[in-house]
Asker: 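Once you've had a glance at the structure underneath, I'll fire off some questions.
Chain letters run A, B, ... following the sequence lines, proteins first and then strands; every chain starts at 1.
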Number of protein chains: 2
Amino acid sequence: MTAAAPHTETAATGGRTLAHPARTEIRLEAVLHALSDPMRLAVVREMAASAEAELSCSAFDLPVSKSTTTHHFRVLREAGVVEQVYRGTAKLNGLRRADLDALFPGLLDAVLDAAARQEDRLGDSRPT
Amino acid sequence: MTAAAPHTETAATGGRTLAHPARTEIRLEAVLHALSDPMRLAVVREMAASAEAELSCSAFDLPVSKSTTTHHFRVLREAGVVEQVYRGTAKLNGLRRADLDALFPGLLDAVLDAAARQEDRLGDSRPT
DNA sequence: ACCGTAGTACGGCAGATGTCAAACTACGAT
DNA sequence: ATCGTAGTTTGACATCTGCCGTACTACGGT
């Protein structure tokens with residue numbers, strides 16, 4: 001092959017493809033660790049609450065720089081919590097609910113519920 | 001009083017007393033973080049599985065030094081996951097089930113169940 | 001009084017983590 | 001072809017984390 005093209009992907013969904021752990025490779029400790037960061041937990045909660053199946057990274061307005069955002073999304077992806085696909089110039093993020101529920105039934109819901117209760121309890125609700 | 005005695009505690013249960021977060025001070029992120037370490041998760045699982053309400057630190061034979069063990073138990077205590085009381089020369093550890101269940105219903109059980117499933121799935125069972 | 005056992009505190013070390021800014025790549029639109 | 005938007009990469013930095021060994025304290029038993 002003469003200088004392989006830089007984007008020989010399926011291109012159906014977009015262009016580049018990201019590496020994700022297979023369902024069987026998802027580790028509980030990694031998931032818990034991924035969810036133990038306030039920023040990432042907030043992201044996951046927002047994804048779970050959203051009607052959309054997939055949200056672009058920029059749909060969340062996190063109080064950190066772009067590079068930090070990239071970093072957090074990678075942690076979530078590598079832990080197997082979210083799935084990411086490129087779609088044009090954006091990168092869409094989706095919760096891997098099916099995989100998580102299959103591996104750890106009730107865990108994600110328990111965490112989401114716990115987060116909601118805590119926010120409620122602490123009056124964490126930020127204005128507007 | 002001339003030179004306050006070094007052990008003016010209740011002494012009913014033992015002597016010294018440890019600082020624990022009150023139920024309302026327990027933070028979900030801290031709990032998840034505490035549980036995201038394999039060593040600590042194992043400890044919590046063992047406590048949950050045990051018939052005893054409280055186990056001494058030395059009841060667990062962790063593959064790490066004493067200081068590291070102390071460190072892990074402190075993380076668990078400060079996160080509000082375990083309760084520790086001195087009893088003579090030993091320090092007894094108990095899961096704060098009631099507090100955790102009240103704050104985050106189903107969370108602890110979901111994590112314990114997830115851990116059991118993962119162990120099962122990966123054949124993590126160490127011999128003897 | 002003395003010793004042994006259980007655990008703590010201190011200091012150190014290597015590696016992970018959260019954060020940023022700046023430079024870069026990929027894609028869509030003009 | 002050019003530009004802007006979205007996200008990545010790199011390198012840096014401070015902090016945290018897990019780990020250790022050694023020295024220390026607290027308690028119970030002899």
Asker: So, for R40(A) and A34(A), which heavy atoms are closest and what is the spacing to 0.1 Å?
Answerer: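 The answer is NE-O, 2.8 Å.
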
Asker: Using a cut-off of less than 4.0 Å, is there contact between a side-chain N or O of R74(B) and OP1 or OP2 of dG7(C)?
Answerer: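 So the side-chain polar atoms of R74(B) never come under 4.0 Å of the phosphate oxygens OP1 or OP2 of dG7(C).
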
Asker: With nearest nucleotide decided by heavy atoms, which residue, K66(A) or K66(B), maps closer to the 5′ end of DNA chain D?
Answerer: K66(A)

Asker: Is any N or O donor-acceptor pair between the side chain of S67(A) and the base of dA21(C) shorter than 3.5 Å?
Answerer: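 Per atom types, the contact qualifies.
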
Asker: Does a donor on one side chain and an acceptor on the other come within less than 3.5 Å for S65(A) and T68(A)?
Answerer: yes

Asker: Using only side-chain N and O atoms of T68(B), determine if any of them is under 4.0 Å from OP1 or OP2 of dC20(D).
Answerer: yes

Asker: Check the phosphate of dA6(C) against T89(B), side-chain N and O only, distance under 4.0 Å to OP1 or OP2. Yes or no?
Answerer: no

Asker: Would you kindly give the CG-to-P distance between L18(A) and dA6(D), to the nearest whole Å?
Answerer: 18 Å

Asker: To the nearest angstrom, how far is M39(B) atom CE from dC20(D) atom C1'?
Answerer: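 The answer, rounded to whole Å, is 12 Å.
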
Asker: Could you state the interatomic distance from CG (L112(A)) to CG (L107(B)), rounded to the nearest 0.5 Å?
Answerer: 10.5 Å

Asker: Using a strict threshold of under 4.0 Å (side-chain N to carboxylate O), is an ion pair present between D113(B) and R45(B)?
Answerer: no

Asker: To the nearest Å, give me how far apart NE2 (H71(B)) and P (dT17(D)) are.
Answerer: 7 Å

Asker: Between C1' on dA26(D) and CG on L92(B), what's the gap in Å once rounded to a whole number?
Answerer: 15 Å

Asker: Please tell me if H33(A) has a side-chain N or O lying less than 4.0 Å from either OP1 or OP2 of dT17(D).
Answerer: no

Asker: Can you check the D37(A) CG to dT15(D) P distance for me, whole Å?
Answerer: 18 Å

Asker: Once you round it to whole Å, what is the distance between P of dC20(C) and CG of L62(A)?
Answerer: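 After rounding, the gap between these two atoms is 10 Å.
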
Asker: Would you classify H72(B) as touching base, sugar-phosphate or nothing, given that sugar-phosphate means primed atoms plus P, OP1 and OP2, and contacts are heavy atoms under 4.0 Å?
Answerer: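 Sugar-phosphate, backbone atoms only, no base.
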
Asker: Does a donor on one side chain and an acceptor on the other come within less than 3.5 Å for Q84(A) and E54(A)?
Answerer: no

Asker: What is the distance, to the nearest angstrom, from the CD atom on E29(B) to the C1' atom on dT17(C)?
Answerer: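 Between C1' of dT17(C) and CD of E29(B): 16 Å.
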
Asker: Verify the contact: side-chain N or O of T70(B) to OP1 or OP2 of dT8(C), cut-off strictly under 4.0 Å; return yes or no.
Answerer: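 Indeed, a polar side-chain atom of T70(B) lies that close.
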
Asker: Please report, rounded to the nearest Å, how far the P atom of dT5(D) is from the CG atom of D61(A).
Answerer: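 So the CG-P distance, D61(A) to dT5(D), works out to 17 Å.
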
Asker: Side chain of Y86(A), heavy atoms from C-beta onward: which of dG7(D), dG7(C), dT5(C) has the nearest atom to it?
Answerer: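 Within the option list, the nearest is dG7(D).
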
